[in-house]
Amino acid sequence: MTGDKEKKRAISREAARRRRRVESEVFEDLSRLLPLQPAVQAHLDKPSVIRLTLSYIRMHTVLKVSGETRTKAPVSQVAKCGQVVGGGDEPRSCDGGREEVEDAEASEETDLYLRILEGFLIVLSSGGDMIYLSDNVSKYMGLTQNELIGHNIFEFTHPCDHDEIRNNIRLTAEEVLWGAKRDFVMRIKSAPTYRGRSASLKSATWKVLHCRGRAKVCVASSSVSCLLLTCQPLPLSHTLLSTHTFTSQHSMDMRFTHSDHRITLLLGYSTEELLGRSIYDLCHTLDVNHLAKNHLNLCFKSQSVSGQYRMLVSGGGYVWVETHSAVIPSVRPCKSRPGAHQPLCILCVTYVLSGVEEPSLQLSVDQMGHV
């Protein structure tokens, strides 16, 4: 009797070993099919293989449907084999061959775009899953492309930003059909160290990202609709280099406490007359709500980008501008928030995007005094 039990146990153990061996072979075969470097494939665990495979299938579906539903301009960029490559009406296969040279050139071009952009590319599903990220994401988050693909964006973003993110990734059929634009600011975990290595996410800091993009793909199933976004960390340093910018310092209610002399050259106001005045006094009436939204983002997230709005020019007319802002903390600790510091002021860099439009039109009493 005892011999029969031992025999059954031995058979059961052998069957279990066979199942595990077959399972491992299946996962090895599946990992080899993924468009990844062999060194990366060799270190993938089973959950990662499943996660990356599902993301690759979803991305392939998005590209396939995008090619089938395109009726106007061709898609300028598609994700292929872990890279974003240019043009073409259909996603190309991963079999190499004659396309290797074209793929290399497209990859170099994409890398150049991302360097100029000073940010990374992300494709989000309507549920917040990260279907694709450009491989330079590690520079900003400290985690690699393969570590992030397939995870949900809410796992890495600030809890206070979740409602705003949900509102932006929630896509209706009409919005997807017309490629609705999105422009918002969110905080995301960032763990790179000064040596370029990754720290633990538990000790990660929050990096503020300015996200802009539009909805893509319209089919019966909303699960393949997605949001294509470019994410730029704030503050953006390159805006400081332009001669068409001016800097200003404000109190927390956006009243001028200081401005540089270039505001006189660009808008016609003297630095003295702006002291104590609110930036809302210089904003076009139709853009006040837009500027107020940026102000709220700034107060809650410490950094923000306004997007384009109109600023009134002394004597009449207006110019289109974009303002990059940051809250400068003081050395005194904040009593209501342990570990934080009281805000000292708001520093703004405003980039003038256009010449004076409708110079004979006066939209404010303040403009009349400078005729």
If you round to the nearest 0.5 Å, how far is OG of Ser12 from CZ of Arg17? 9.5 Å
Pick from Asn167, Ile169, Asp163, Asn168: which one makes a side chain to side chain contact (heavy atoms under 4.5 Å, CB included) with Ile165? Ile169
Are Leu228 and Leu121 close enough that some pair of their side-chain heavy atoms sits under 4.5 Å apart? yes
Hey, what do you get for SG (Cys348) to CG (Leu298), rounding to the nearest 0.5 Å? 7.0 Å
With no hydrogens and no angle check, do the side chains of His295 and Asp253 hold a donor and an acceptor under 3.5 Å apart? no
Are any non-hydrogen side-chain atoms of Ile149 and Met130 less than 4.5 angstrom apart? no
Which value, rounded to the nearest 0.5 Å, describes the distance between Asn297 atom CG and Ser325 atom OG? 10.0 Å
Looking at every heavy atom in both Asn146 and Arg51, which two are closest together, and how far apart are they? O-NH1, 2.9 Å
Under 3.5 Å, is there a donor-acceptor pair between the Gln303 and Arg187 side chains? no
Side chain to side chain donor-acceptor pair (under 3.5 Å) against Gln249, all qualifying residues, sequence neighbours excluded: none
Decide, yes or no, whether a salt bridge links Glu164 with Lys301 under the criterion of side-chain N to carboxylate O below 4.0 Å. yes
Would you sort out whether Arg182 and Leu227 count as a side chain to side chain contact (heavy atoms under 4.5 Å, CB included), showing the intermediate values? CA-CA 9 Å; Arg182 291 291 189 266; Leu227 199 62; 3.7 Å; yes
Is there side-chain contact between Val185 and Val208, with at least one heavy-atom pair below 4.5 Å? yes
Value rounded to 0.5 Å, distance of NE2 in His210 from CE in Met186: 11.0 Å
Ignoring hydrogens and geometry beyond distance, is a side-chain donor-acceptor pair present between Thr257 and His250 at under 3.5 Å? no
Taking all atoms of both residues into account, what is the closest heavy-atom pair of Gly317 and Val356, and its distance? CA-CG1, 4.3 Å
Results of salt bridge (charged side-chain N to carboxylate O under 4.0 Å, His left out) for Arg170 - residues two or more places apart only: none
Report yes if some heavy atom in the side chain of Leu291 is under 4.5 Å from a heavy atom in the side chain of Ile279; otherwise report no. yes
When every non-hydrogen atom of Cys299 is compared with those of Met252, the smallest separation belongs to SG-CE, 4.4 Å
Any donor and acceptor pair, going by atom type alone, linking the side chain of Asn152 with main-chain N or O of Phe154 inside 3.5 Å? yes
Would you check, one step at a time, whether the test side chain to side chain contact (heavy atoms under 4.5 Å, CB included) holds for Glu357 with Ser354? CA-CA 8 Å; Glu357 298 186 10; Ser354 72; 4.0 Å; yes
Of all residues at least two apart in sequence or in a different chain, which pass the side chain to side chain donor-acceptor pair (under 3.5 Å) check with Thr323? Tyr309, Thr350
Taking every non-hydrogen atom, the tightest pair across Lys207 and Pro233: CD-CB, 3.9 Å
Less than 6.0 Å separating the ring centroids of His324 and Tyr351? no
Any link between Val288 and Val313 through a network of hydrophobic side chains (Ile, Leu, Val, Met, Phe, Trp, Tyr) touching at under 4.5 Å? yes
When you measure from the side chain of Ser190 to the backbone N and O of Tyr140, does any donor-acceptor pair fall under 3.5 Å? yes
Can you find a heavy atom in the side chain of Thr245 that is under 4.5 Å from one in the side chain of Arg262? yes
Heavy-atom donor-acceptor pair, Thr264 side chain to Gly268 backbone, under 3.5 Å: no
Looking at every non-hydrogen atom in both residues, tell me the closest pair between Leu229 and Gly213 and how far apart they are. CD2-N, 3.7 Å
May I ask you to test the Val305-Glu322 pair for a side-chain heavy-atom distance under 4.5 Å? yes
Going through the checks in order, is the side chain to side chain donor-acceptor pair (under 3.5 Å) test met by Thr157 and His162? CA-CA 7 Å; Thr157 50; His162 287 181; 3.2 Å; yes
Using a 4.5 Å cut-off on heavy atoms from C-beta on, say whether the side chain of Leu148 contacts that of Ile122. no
Could you walk me through whether Leu312 and Val319 satisfy the side chain to side chain contact (heavy atoms under 4.5 Å, CB included) test, starting with their C-alpha distance in whole Å, then the side-chain angles of each, then the deciding distance to 0.1 Å, before giving a yes or no? CA-CA 7 Å; Leu312 303 183; Val319 292; over 6 Å; no
Looking at CD1 of Ile131 and SG of Cys226, how far apart are the two atoms once the value is rounded to the nearest 0.5 Å? 5.5 Å
When you compare the side chain of Asp281 with that of Phe256, does any pair of heavy atoms fall below 4.5 Å? no
Has Tyr280 got more than 12 heavy atoms of other residues, nucleotides or ligands less than 6.0 Å from its OH? yes
For the pair Asp129 (side chain) and Gly150 (backbone), establish whether a donor and an acceptor sit closer than 3.5 Å, ignoring hydrogens and angles. no
Spacing of Tyr132 atom OH and Leu124 atom CG [to the nearest 0.5 Å]: 13.5 Å
Please tell me whether Asn136 and Ser134 have a donor and an acceptor in their side chains that are separated by less than 3.5 angstrom. yes
Taking Gln145 for its side chain and Leu133 for its backbone only, find out whether a donor-acceptor pair lies under 3.5 Å. yes
State, to 0.1 Å, how close Phe156 and Leu143 come at their nearest heavy-atom pair, and which atoms those are. CE2-CD1, 3.7 Å
Working for side chain to side chain contact (heavy atoms under 4.5 Å, CB included), residues Lys139 and Phe120: CA-CA 9 Å; Lys139 175 182 176 182; Phe120 62 92; over 6 Å; no
